[in-house]
Amino acid sequence: MKKEIGVLMLLCIVFLSGCGGSVNPASVMQGSGESPSKQVTTQQNNEYCSLERTSLDSETEKYFYGTWNVEKLLGFANSYNDASEYPTGQKFIGDEIIIKKDLFSSKRIKNYSKYQTELRNPLYEFTATCNNSDSFYRLYKLDIPNLSKNDVVKAIDVSNPSTKISIPVSLSFFVVNNEKLILLSEATIFELKKISDKTN
């Protein structure tokens, strides 16, 4: 009897150890039709923003260049900034910003001399590209109203072409699907409206 119990226990141990090692993670991943490396890359592209400095593409240039009117206050970043004027934000509504291939000017921001600058032959570059609203929020902590789940948001930096130093004012731009331009000043978020397509 002891001999039979011993044999049964030995068989159980062999059987259980054989089952425990039979699951192959690679075979489970391959069931989706994509290689594991492609799956990881796709997941990273969906969940995170690409933080690469690149030149504007022609489609974005066409949309971005022109004269813009600060149309409406969208809200505030989810981070404290005592330079932002709560609850109304900076007094930018109705002011204009000129964005041309050979000129950037915020001289038409009337109420604040510290935001006024002018730069000849500016360098415009993407600094980040977020493929959806979740990844954008994770990176910037900005809740832009009416931003859809699959909207592509690109951050645009304006800098001096010779020094590569950004404009010395707290103005940042985000273009959404080449359909909407957002201005961030300090922690205040505005939507801009194009009033002229002139690029020169």
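The analysis underlying the following values was restricted to heavy atoms, covering all of them including side chains, and did not include hydrogens, waters or symmetry mates.
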Under the rule for side chain to side chain contact (heavy atoms under 4.5 Å, CB included), what residues qualify as partners of K110, not counting sequence neighbours?
D95
Across all chains, not counting sequence neighbours, the side chain to side chain contact (heavy atoms under 4.5 Å, CB included) partners of L139 are C49, L51, A128, C130
Can you get from L119 to I99 by hopping between Ile, Leu, Val, Met, Phe, Trp and Tyr side chains that sit under 4.5 Å apart?
yes
List in chain and number order the residues that pass side chain to side chain contact (heavy atoms under 4.5 Å, CB included) with E118, two or more places apart in sequence or in another chain; answer none if no residue qualifies.
L103, S105, K107, R120
Can you name the residues that form a side-chain hydrogen bond (donor to acceptor under 3.5 Å, both in side chains) with D57, not counting sequence neighbours?
T60
To the nearest 0.5 angstrom, please state how far the CG atom of L171 sits from the OG atom of S185.
5.5 Å
Partner set under salt bridge (Lys or Arg N to Asp or Glu O under 4.0 Å) for K164, not counting sequence neighbours
none
Pair F173 and Y124, ring centroids less than 6.0 Å apart:
no
Qualifying residues under ring pair (Phe, Tyr, Trp, His ring centres under 6.0 Å), relative to Y112, sequence neighbours excluded
F92, Y115
Show the numbers, then the answer: is there a side-chain contact (heavy atoms from CB on, under 4.5 Å) between L142 and N78?
CA-CA 6 Å; L142 294 176; N78 292 339; over 6 Å; no
CG on N160 to CG on N121, rounded to 0.5 Å
9.5 Å
Should I97 and V169 be counted in the same cluster of Ile, Leu, Val, Met, Phe, Trp and Tyr side chains packed under 4.5 Å apart?
yes
Review item, side-chain donor-acceptor pairs of residues 143-153, under 3.5 Å, at least two apart:
unit_1, atom_1, unit_2, atom_2, d
K149, NZ, D134, OD2, 2.3
D151, OD1, N177, ND2, 2.7
D151, OD2, S148, N, 2.7

Apply side-chain contact (heavy atoms from CB on, under 4.5 Å) to L74 and F190, showing your working.
CA-CA 5 Å; L74 296 180; F190 297 96; 5.8 Å; no
Is there a side-chain contact (heavy atoms from CB on, under 4.5 Å) between S159 and I165? Walk through the geometry before answering.
CA-CA 5 Å; S159 59; I165 297 173; 5.8 Å; no
Kindly determine whether L56 and F64 satisfy side-chain contact (heavy atoms from CB on, under 4.5 Å), including the steps that lead there.
CA-CA 9 Å; L56 303 190; F64 188 56; 3.9 Å; yes
Could you check whether Q90 and T188, counting side-chain N and O atoms only, form a donor-acceptor pair closer than 3.5 Å?
yes
Just jot down the salt bridge (Lys or Arg N to Asp or Glu O under 4.0 Å) partners of K193, sequence neighbours excluded, or say none.
none
Could you list the residues that satisfy salt bridge (Lys or Arg N to Asp or Glu O under 4.0 Å) with E125, not counting sequence neighbours?
R53
Sorted by chain and number, sequence neighbours left out, ring pair (Phe, Tyr, Trp, His ring centres under 6.0 Å) with F76 holds for Y86
Cation-aromatic face contact K154/F126, 6.0 Å, 45 degrees
yes
For Y63, the ring pair (Phe, Tyr, Trp, His ring centres under 6.0 Å) test, sequence neighbours excluded, returns W68
Could you tell me which residues satisfy side chain to side chain contact (heavy atoms under 4.5 Å, CB included) with S113, sequence neighbours excluded, listed by chain and number?
Q116
